[in-house]
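Let me begin by presenting the structure, written as structure tokens, before commenting on it.
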Amino acid sequence: MRDEIASKAGTALLDWYDVHARDLPWRVSPLARRDGAVTDPYRVWLSEVMLQQTTVAAVREKYLRFLVLWPTVEALAAAEDSDVMAEWAGLGYYARARNLLKCARAVANDHGGQFPDQADALRDLPGIGPYTAAAIAAIAFDRPETVVDGNVERVVARFFDVDTPLPAAKPELTRLAGRLTPARRPGDHAQAMMDLGATICTPTSPACGICPLIAGCAGRATGRAAELPRKTPKKPKPIRQGIAYVVRRSDGALLLETRPDRGLLGGMLGWPGTEWNDAPSPAPPLEADWRPLGGEVRHTFTHFHLRLAVLLAEVPADALPDRGSFVDRHEFRPSSLPTVMRKVWDLASGQTGRI
DNA sequence: CAAGCGTGGTC
DNA sequence: TGACCAAGCTT
């Protein structure tokens, strides 16, 4: 009887989690909770948004830094957009940072500073989709929601030996994940599923020998676990070209621009440049004696490879650019740039020694 | 609803 | 070195 198997698996997973729960900065362990520690919905939300399509290793320091700068949702709601975008630099998917601010301001202004405690209400907030709404509801508010992320999809596809490829299999996997969800401790169960996927039921070489779910795992029984879940093949990435313009004023100031609020790298700081396509037209931000830098910047985005040529110019103190604005040498922090723009800076500053 | 949207780690 | 992958959301 499948439901009995699923029920036993859910229990075994919670037992495993009580012993093996990873120590993560945003997590309140079952042990800590027993000692009276409480779960802050703001921290759960912040971590879950950062963790969307992003590894724990990349998030850890960024999360702690955000908490120091903005310890509460009200503090974050009151932050300057540019400060938040600069702190998010390097994490990627910058729409998350824009939505993070929108969401914080909605919670502060429309919800009295308290996050809604149910998944459907959470779902109405910017940047909170099905996964994040369920995760916050389960982890922060102990709601019996089933949380389905990439880890859970993999664990469930293997446990029930689902052969349908993703993303078509998503509804079926969500339904099956519900079968594994126990009535008690939904938040711990959700985190246990994700920990299991991250540490044991890993994408290429699952450690079935130490898995708490081995007894009921159909994928293990058929020997196909490591090949699941199947996925429809991805399209190849085209190669696009572009030019980035680095302008240094005689006083050391650098010409930067804030990119439009939508689209690629929206809202982030960057060097003026051409469009990125097959044959970009030159688009220098001012008239100058442009010097090409040797080499190029290579960067891969989600859906294309980019090769950037970099042109450098030194301009007088009274130079007036067509776009962008000069940033004082001492206020410029490369770490506030998205990675592709930081690579441009690395190339420019490296070649000129001390630009 | 398929496509757009980043990055760093891993194999 | 390059393809794949990670605690997805939006339009």
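Both backbone and side-chain heavy atoms feed into the values below; hydrogens, waters and symmetry mates do not. Throughout, protein chains are lettered first and strands after them, A, B, ... in sequence-line order, and every chain is numbered starting at 1. Just so it is clear, the structure is predicted and the values come from calculations on it, not from any experiment.
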Hey, is A:D142 close enough to A:R33 for a salt bridge, meaning N to O under 4.0 Å? no

Would you indicate, yes or no, if B:dG6 has its OP1 or OP2 atom less than 4.0 angstrom from a side-chain nitrogen or oxygen of A:H299? no

A:R175 atom CZ, over 12 foreign heavy atoms within 6.0 Å: yes

Name the residue closer to the 5' end of DNA chain C, choosing between A:V56 and A:K102 according to the nucleotide with the nearest heavy atom. A:V56

How close do A:F332 and A:W345 get, heavy atom to heavy atom, and via which atoms? CE2-CE2, 3.5 Å

Below 3.5 Å between N/O atoms, which protein atoms pair up with nucleotides 9-11 of chain B? Just atom names and distances, please.
none

Check this for me: A:E172, atom CD, are more than 12 non-hydrogen atoms of other residues, nucleotides or ligands nearer than 6.0 Å? yes

What integer distance in Å separates A:L306:CG from B:dG4:P? 15 Å

Rounded to the nearest 0.5 angstrom, the CG-OH distance for A:D261 and A:Y94 is 14.5 Å

For atom CG of A:D261 and atom P of B:dC5, their distance in whole Å: 14 Å

Going by atom types alone, do A:Y131 and A:Q52 pair a side-chain donor with an acceptor below 3.5 Å? no

Within the 4.0 Å heavy-atom criterion, would you say A:G90 contacts the bases, only the backbone, or no part of the nucleic acid? sugar-phosphate

When all nucleic acid strands are considered with a 4.0 Å heavy-atom cut-off, which category describes A:T339: base, sugar-phosphate, or nothing? sugar-phosphate

When you group the ILVMFWY residues by side-chain heavy-atom contacts below 4.5 Å and let the links chain together, are A:L101 and A:L265 in the same group? yes

Quick test of your reading of the model: are A:D251 and A:R329 salt-bridged, counting only N-O distances below 4.0 Å? no

Nearest-nucleotide wise, let me know which of A:H303 and A:P167 is further upstream toward the 5' end of DNA chain B. A:P167

Is any side-chain N or O of A:T300 under 3.5 Å from a base N or O of B:dG6, one able to act as donor and the other as acceptor? no

From the options C:dT10, B:dT7, C:dG8, select the nucleotide whose nearest atom is closest to the side chain of A:R123. C:dT10

Mind calculating the distance between NZ (A:K234) and C1' (C:dA3) to the nearest angstrom? 9 Å

Phosphate OP1/OP2 of C:dG8 contacted by A:Q52 side-chain N/O (<4.0 Å): no

Hey, which of these two, A:I128 or A:R22, hits DNA chain C nearer its 5' end, going by closest nucleotide? A:R22

Would A:Y42 and A:V107 count as a side chain to side chain contact (heavy atoms under 4.5 Å, CB included) if you check the C-alpha gap in whole Å, the side-chain angles of each, and the deciding distance to 0.1 Å? CA-CA 10 Å; A:Y42 169 68; A:V107 170; over 6 Å; no

Give A:R298 one of three labels, base, sugar-phosphate or nothing, depending on what nucleic acid heavy atoms sit under 4.0 Å from its own. nothing

What's the closest nucleotide to the A:R154 side chain, out of B:dT7, C:dA6, B:dG8? C:dA6

Of the options C:dT10, C:dG8, B:dT7, whose atoms approach the side-chain atoms of A:N99 most closely? C:dT10

What is the distance from NZ of A:K170 to C1' of C:dG8, rounded to the nearest Å? 8 Å

Which nucleotide in the set C:dT10, B:dG6, B:dT7 lies at the smallest distance from any side-chain heavy atom of A:R96? B:dG6

Rounded to the Å, how far apart are A:L91 CG and B:dC5 P? 18 Å

When you get a sec, tell me which of B:dT7, B:dG8, B:dG6 is the closest nucleotide to the side chain of A:V340? B:dT7

Taking CG from A:D346 and C1' from B:dT7, how many angstroms apart are they, rounded to a whole number? 15 Å

Between B:dC5 atom P and A:M268 atom CE, what is the distance in whole Å? 15 Å

What nucleic acid atoms does A:L100 come within less than 4.0 Å of, heavy atoms only: base, sugar-phosphate, or nothing? nothing

Decide if atom CG of A:D278 counts as having more than 12 heavy atoms of other residues, nucleotides or ligands within a radius under 6.0 Å. no

Sugar-phosphate only, base, or nothing, as touched by A:W88 at under 4.0 Å among non-hydrogen atoms: nothing

A:Y93 side-chain proximity, nearest of B:dG6, C:dA6, C:dA3: B:dG6

Using atom NZ of A:K62 as one end and atom C1' of B:dT7 as the other, report the distance to the nearest whole Å. 11 Å

Is the count of non-hydrogen atoms from other residues, nucleotides or ligands lying under 6.0 Å from A:K237 atom NZ greater than 12? yes

Please list, by residue number, the residues of residues 222-231 of chain A whose heavy atoms come closer than 4.0 Å to an atom of DNA chain C; answer none if no residue qualifies. A:K231

Using atom P in both nucleotides, what's the gap between B:dG6 and C:dT11 to the nearest angstrom? 14 Å

